[in-house]
Amino acid sequence: MSAPAVTEGELRFRRPLVVPGRLARAVLGAVLGLAGLWVLFLARGTSAGPAVTEPGEFLVTVLDGVTFAGLLFVIASGFTLVFGLMRTVNMAHGGFFLLAAYLAIEIQKDMVGKSRNIEADEVSIAAWILPLLVASGIVALLGVAAQQLLLRWNQGEDLRQAIITVALAVILADQMLAEFGGLAQRAVWPGAVVHFFEVLGQRYATSRLFMLSIALVVGGLLWLWLNRTRMGMVIRAGVDDQEMVRVLGINVTLVFGVTFFVGSFLAGMGGVMGASFSGVAPGTDGQWLLNSLIVVIIGGLGSLKGAVAGSLLYGMVIAFSPAYLPSGYTFYSIIFTFAVLALVLAVRPTGLYGRPE
Amino acid sequence: MSRPRPSIRDAVVVLTLALLVLLPLFGSDFFIDFVMTRTMMLGLAASTLVFLAAYGGMVSLAQWLLFGMAGFAVGNVVAESGRGLRLGWNPWLGVVIALVVVTLASLLLGALSSRTTGIYFLMLTLTYAVIGFFFFGQVTTFSGFGGMTGIDPPGLFSSAPKRLYYAGVVLSALAYVAFRAIGRTPFGLALQGVRDDPIRMASLGFNVPVHRILAFTLAGFVAGVAGILNIWWNGQIDPTSISIGPTLDLLIIAVIGGIGYLEGAWLGAFVFVSANIYLRDIPLIDRIGGVIEERVLAGERFNTVIGILLLVIMLASPEGLTGLLLRIRDAVGGGRGPQRSSTTAALDATRS
């Protein structure tokens, strides 16, 4: 048959082929139920053990998940903010992350006066906060410069902009390799936050809670900015209908510049936090670009609420899958990330809080 | 609908093919093996990306994952020692299994992403690519970060680089002809309709997701074929070779060549591979000193050069080198007036 005609069979398949919504929901419910049962009662032979007999391990895993989610949120919120308003996918977000991390490490070395083996006791609060602010500020300015020079005039061409930022990411990564070398480096948490406390018989690091509290402050400030200020109002309006905002005589170019500044600043903050949390090396940029992508794909692009939900869900998967997989099989944990992504997309193709395109 | 008459474009393609066939007569062994064979493999892989972008409006970053997955599948089946499954079976059986695995994987990934379009599709497929990287890195049953070595090609291709080159040329030509032919079938036309206006196509009674899934699966299969050539050429594979860098390199190849033109895939691959190998041999380049020499032109700063090239192309001519050539042809030959090119269509499809 050369001319395509609508047959009855095709009509019946009008729903997307993937998984019909109700089935997907049932599958989701069953998977969550089984996972809950497993973690609570059955998880013998895993590194954590069943939650009913090992509540301490369970609590620690939850804390790990929530604190890691904090770090995820700081980075992904910048990514989603820029995308939500300008529909620019900043593939250089990971590059900004890594650059800020390297800069902060250098500044911290200068402030402490040692170039290697810095101990946490030698780092004052200022010797952590100041590098964070300066490095993130530099990266934010770089971001604004890139946006004004490379992206401003081709606004609306999604793919072209994405590839331009890919080029930026490639150049940045290569130049950072030349400047900072190939070895892993790390920033040092200030001594004041490096302690351990006891919880249900487990030792837990205060620095992780410090990281979470920074994320909470960032989240709170972002919420206030977007919901309680005039500029936030303009940004939210711009997310909904950019043309209309422009027609109302609002200087959208300025708003775009500020948004890109904040987005890049958040990438930089995340970089410094990540460098203190787990260190950075060439390639960390790609890893954190991936993390931001997963968070926003799960949560829904352009939504701050989605960034919170995506960070929490992904953080939990990252924390739970190695702890509750049978020892010897923990390397399969990456599959769980993929499974979560697949499940979310099957139920909601635009993410948990994303709007239909 | 009448068949388009042979154009200058077709003539150039045929001439290029003839040149490629005759090349081993006068090219050096190094040139054939390290430049042209790689050009053919990378071009074949990139052509699947171009096919999806130009005909389906789907810019997929998962093609390099499928390319690598074929290599890992062959490695697991064929290799007798080292990491992975170590089955030690016949290399041709390895080909069959690898193609089945890759086709099924692309069917699954295509189905998962069939309701996503534009820039979301790009990000989703990038996520697949990086998850694939971690999968082969962490799951030691199939590879582990160390990768696999000692994967021998079938006897036909062992220590016969020219045969492998010809296999690359023949498969590339087949893929090129097939992709262009598919563009003229009812399926291909519907696919282009889906690219331009999915809602209208859906209301006309076309099943939009199925068209996307089929195109994605077909492209995945061809990427798998390219991946098999690559593993025969390389004899080894490790997860780093499918990490985010090489994944983006394939997109870069397609963009340099021109993401709207199938020919551009091979042109881009040729530019990419030759830049990688010959950059430091360009005459007079050692006269440039200072920061530029140290930070851009030094041998190991290849990525900076490619990044700058990509940036310039995207800023100046998003249609890539092929688009540039066509524009020159139109200017010289009097031109036929502005045409809506497939690049514009591919780029438009991602516009919100």
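A, B, ... follow the sequence lines: proteins, then strands. Residue 1 opens every chain. Note that the coordinates shown come from a computational prediction; the quantities given were computed from them, not determined experimentally.
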Worksheet item: For the atom pair CD1 (A:I163) and CD1 (B:I259), what is the distance rounded to the nearest 0.5 Å?
Response: 5.0 Å
Discussion item. So for B:L124, is it side chain, backbone, both, or neither that comes closer than 4.5 Å to the heavy atoms of chain A?
Written reply: both
Worksheet item: Between A:L341 and B:I131, is any pair of side-chain heavy atoms under 4.5 Å apart?
Response: yes
Worksheet, complete the sentence: Honestly, the part of B:L311 sitting under 4.5 Å from a heavy atom of chain A is both
Discussion item. Which atoms of B:I313 are under 4.5 Å from chain A, going by heavy atoms: the side chain, the backbone, both sets, or neither?
Written reply: neither
Worksheet item: How about B:I252 and A:V170: do any of their side-chain heavy atoms sit closer than 4.5 Å?
Response: yes
Worksheet, complete the sentence: Max heavy-atom pairs within cutoff under 4.5 Å with chain B, candidates A:V166, A:I294, A:T337, A:L301, goes to A:L301
Practice prompt. Say whether, by atom type as modelled, one donor and one acceptor occur between the side chain of A:R160 and the main chain of B:L315 under 3.5 angstrom.
Written response: yes
Practice prompt. Could you tell me which portion of B:V139 (side chain, backbone, both or neither) has an atom closer than 4.5 angstrom to a non-hydrogen atom of chain A?
Written response: both
Practice prompt. Spell out the residues in residues 144-153 of chain A that have some non-hydrogen atom less than 4.5 Å away from a non-hydrogen atom of chain B, in order of number; otherwise answer 'none'.
Written response: A:L150, A:W153
Fill in: Set of residues satisfying side chain to side chain donor-acceptor pair (under 3.5 Å) with respect to B:T185, sequence neighbours excluded
none
Item to complete: Apply side chain to side chain donor-acceptor pair (under 3.5 Å) to B:Y128 and list each qualifying residue two or more places apart in sequence or on a separate chain.
Response: none
Discussion item. Is there a side-chain contact between B:R115 and A:T350 in this structure, where contact means two heavy atoms from C-beta onward sitting under 4.5 Å apart?
Written reply: no
Worksheet item: What part of A:Q161 gets closer than 4.5 Å to chain B, counting heavy atoms only: side chain, backbone, both or neither?
Response: neither
Worksheet item: How far does CZ of A:F83 sit from CE of B:M123, to the nearest 0.5 angstrom?
Response: 5.0 Å
Worksheet item: Would a 4.5 Å heavy-atom cut-off, applied to side chains only, mark B:L126 and A:M91 as touching?
Response: yes
Discussion item. Minimum heavy-atom separation for A:D174 and B:F302, please, with both atom names.
Written reply: OD2-N, 4.4 Å
Worksheet item: Can you tell me if CZ on B:F187 sees more than 12 non-hydrogen neighbours from other groups inside 6.0 Å?
Response: yes
Discussion item. Under the side chain to side chain contact (heavy atoms under 4.5 Å, CB included) test against B:T127, which residue among A:N291, A:I298, A:L290 passes?
Written reply: A:L290
Worksheet item: For B:L251, is it the side chain, the backbone, both or neither that has a heavy atom under 4.5 Å from a heavy atom of chain A?
Response: side chain
Item to complete: Name all residues meeting the salt bridge (Lys or Arg N to Asp or Glu O under 4.0 Å) criterion together with A:D241; count only those two or more places apart in sequence or in a different chain, and write none if there are none.
Response: none
Worksheet item: Between CZ of B:F134 and CD of A:Q287, what distance do you get to the nearest 0.5 Å?
Response: 4.0 Å
Worksheet item: Minimum heavy-atom separation for A:A167 to B:G307, with atom names?
Response: CB-O, 3.5 Å
Worksheet entry | Toward chain B, the part of A:I164 with a non-hydrogen atom under 4.5 Å | both
Response to the item:
Minimal heavy-atom distance between B:I244 and A:L289, with the atoms involved, is CD1-CD2, 4.2 Å
